Amino acid sequence: MNGQFGQVALTGRGEVYSFTTMYNVPKGYEEQKPYSIALIKLDDGPMVTAQLTDVDSAEIHIGMRVEMVTRKLREEGDEGQIIYGYKFRPVLRTG
């Protein structure tokens with residue numbers, strides 16, 4: 001290994017490998033509770049941890065197909081600066 005890093009484009013699709021629902025949440029996320037967090041096995045190989053969105057917690061299951069989306073994570077500061085990041089939702093379209 002030569003110590004060089006490069007960029008790799010990922011499809012942003014994968015499946016739920018494991019998940020849990022958060023009821024006792026960190027400060028700044030109280031308005032979102034309860035919410036579900038999943039370990040996502042991407043089709044491209046890596047695994048990532050992310051919040052699930054646009055799905056009822058009762059519908060989440062191991063192997064559920066998901067896709068990455070950009071969503072609001074929280075607001076910070078007196079001005080209410082909105083912080084965005086990635087979450088995963090059930091795949092809306094195949095192909």
Side-chain angles (χ1 to χ4, degrees):
M1 182 170 209
N2 61 12
Q4 294 182 0
F5 296 93
Q7 293 185 358
V8 176
L10 302 173
T11 64
R13 288 183 175 229
E15 65 181 41
V16 173
Y17 183 83
S18 183
F19 68 95
T20 190
T21 299
M22 303 289 292
Y23 296 95
N24 186 12
V25 301
K27 184 177 180 180
Y29 294 88
E30 297 89 355
E31 291 181 18
Q32 299 178 34
K33 74 177 181 181
Y35 60 85
S36 296
I37 297 286
L39 182 59
I40 309 293
K41 179 159 182 10
L42 296 176
D43 293 344
D44 309 295
M47 286 197 185
V48 296
T49 303
Q51 186 175 346
L52 298 177
T53 190
D54 304 337
V55 63
D56 185 281
S57 61
E59 297 174 10
I60 301 168
H61 59 276
I62 303 297
M64 181 174 75
R65 296 291 302 159
V66 291
E67 61 188 357
M68 190 193 82
V69 292
T70 302
R71 292 285 194 270
K72 175 182 169 180
L73 297 179
R74 66 185 178 281
E75 292 183 24
E76 288 186 354
D78 295 334
E79 299 85 25
Q81 178 184 8
I82 299 173
I83 307 298
Y84 290 94
Y86 68 89
K87 296 183 182 184
F88 282 80
R89 69 176 178 203
V91 171
L92 298 180
R93 294 177 271 150
T94 57

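Everything quoted here is computed from the prediction, not taken from an experiment.
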Those residues at least two apart in sequence (or on a different chain) that pass side-chain hydrogen bond (donor to acceptor under 3.5 Å, both in side chains) with S36 are T21
The side chain to side chain contact (heavy atoms under 4.5 Å, CB included) partners of T11 (sequence neighbours excluded) come to R13, D43, D44
Hydrophobic cluster mates of Y86, side-chain heavy atoms under 4.5 angstrom, ILVMFWY only, any path?
-> V8, L10, V16, F19, I40, L42, V48, L52, V55, I60, I62, M64, V66, M68, F88
Which residues share a side-chain hydrogen bond (donor to acceptor under 3.5 Å, both in side chains) with S57, sequence neighbours left out = none
Side chain to side chain contact (heavy atoms under 4.5 Å, CB included) involving M22 - partner list, sequence neighbours excluded = T20, V25, Y35, I37
Would you please name every residue forming a side-chain hydrogen bond (donor to acceptor under 3.5 Å, both in side chains) with E15, sequence neighbours left out?
-> none
Scan for salt bridge (Lys or Arg N to Asp or Glu O under 4.0 Å) pairs involving residues 78-91, sequence neighbours excluded, and state none if there are none.
-> E67-R89
With E75, which residues qualify under side chain to side chain contact (heavy atoms under 4.5 Å, CB included), at least two apart?
-> K72, I82
Tell me who clusters with M47, hydrophobic residues only, linked when side chains sit under 4.5 Å apart either directly or through other members.
-> Y17, L39
Any residue meeting side chain to side chain contact (heavy atoms under 4.5 Å, CB included) with Q81, in chain and number order, not counting sequence neighbours = I83
